[in-house]
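Step one of this worksheet: look at the structure below.
Read the numbers this way: they start at 1 and go in the same order the structure lists the ligands and their atoms.
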Amino acid sequence: MRTIGIVATLALLSAGHAAAQSWSPPSPEQRCPSQWGAADERGAANLQTPAQVLKAAQLVRTGEVIELGRVLETGIPLFGTRRFDMHTKRTGPALGSNRRRSNEELVITEIGQVGTQFDMFSHQTIDSSLYNCIDSDAVGTRNGFTKLGVEKIGTLFTRGVLIDVAASKGVDMLEQGYEITVADLEAALAKQGMSVQRGDAVLIHTGWGKLWGVDNAKYNAGCPGIGAPAAEWLAKHDVMLLGSDNFPVEVSPNPDKTLSLPVHQIALVVNGIFLLENMKLDELAAKRVHEFAFAVQPLKVKGGTGSTVAPVAIH
Ligand code: UVW
């Protein structure tokens, strides 16, 4: 019977039938309204209660602040047609008897989607539908999104957890295209003696960040990262944010060739969970700081789809 089944499968494939899709977006009825109500635009930011902030503050024990943001400069890896160009503006001649001059700069960039970047819910859709089934075409204007703009979020301060999957697997860097599974997350957490809690900022160390500024072409060509089952598992834990040391947080390309960045949809569209991409996680990993107070403050770009940011871990 098994042989017949395999032969039948091969026959179907050779007849041009694609293998079953491994993840499908839930219907609007299944995902809307969100758990925070039909009018909500802040998603998992709602998990930041005063109690959650106080709990995170208690994780500050040494006073060390570890930077998790990349330096914005010419030559950073950029996705697609994104760019970062800086032009200095210098004034002269010197003014006044005190001979004062000024320096400033004009930066040409996608301020929401370069460097270490915070993805807001207006960034991704399922067809034209955003988080909470808001119609992207109805809220997208020439001057930004009238709903789900990044200015709605403000400072996030919560418990941060580093899940060091690379260390758990005994490697410096996971391979391109390696899909981090639920079992991988559970194994790494068990080794660290930790669990994921409601409202956490969960940061996943793959080691891929070693390529940043060293081999930008390889960095952007693909990466290891979580797949759809791991993202859904984390979403079930009601996390606030998912971050990683790669460009999309998730595995790329997805091992299921029919899918395009499904974790973006699972996090941003279905569950209202923020993504934090291109993080600098090497110092946290090297110092084995796995639990800390995490802080990030997206720029208040009205109607913006995201923000370049400089998050920190304080422990
Ligand atoms: C896309 O915009 C597709 O990617 P990212 O959110 O990873 O920048």
- In this structure, atom 3 (C) of ligand 1 is nearest to the protein heavy atom Leu261 CD1, 3.5 Å
- Item | Which residue and heavy atom of the protein sit nearest atom 8 (O) of ligand 1, plus the separation | Arg82 NH1, 2.6 Å
- Ligand-residue contact atoms, ligand 1 with Gln113, heavy atoms, under 4.0 Å: 8 (O)
- Query: Just wondering, more than 12 heavy atoms not from Asp127 lying within 6.0 Å of its CG?
  - Reply: no
- Query: What class does the angle between the rings of Trp212 and Tyr219 fall in, given that below 30° is parallel, 30 to 60° is tilted and above 60° is perpendicular?
  - Reply: perpendicular
- Task: Measure the distance from atom 4 (O) of ligand 1 to every protein heavy atom, then report the residue, atom name and distance (to 0.1 Å) of the closest one.
- Result: His264 NE2, 3.7 Å
- Quick one: nearest non-hydrogen protein atom to atom 7 (O) of ligand 1, plus distance? Glu277 OE2, 2.7 Å
- Return each pair, listed once, that meets salt bridge (Lys or Arg N to Asp or Glu O under 4.0 Å) where at least one residue sits in residues 128-153; pairs must be two or more places apart or across chains. Glu41-Lys152
- Item | Under 3.5 Å side-chain donor-acceptor pair for His315 and Glu291 | no
- Item | Check: Gln52/Thr158 side-chain N/O donor and acceptor closer than 3.5 Å | yes
- Side chain of Ser244, backbone of Ile204: donor and acceptor closer than 3.5 Å? yes
- Query: Side chain, backbone, both or neither: which part of Leu275 has a heavy atom under 4.0 Å from ligand 1?
  - Reply: neither
- Query: Considering only heavy atoms of Gln117, which atoms of ligand 1 have at least one such atom less than 4.0 Å away?
  - Reply: 8 (O)
- Please could you name the atoms of ligand 1 that Asp119 approaches to less than 4.0 Å, counting only its heavy atoms? 6 (O)
- N/O of Phe247 under 3.5 Å from N/O of ligand 1, yes or no? yes
- Task: Output yes when a side-chain donor or acceptor of Ser102 lies under 3.5 Å from a complementary backbone atom of Thr91, and no otherwise.
- Result: no
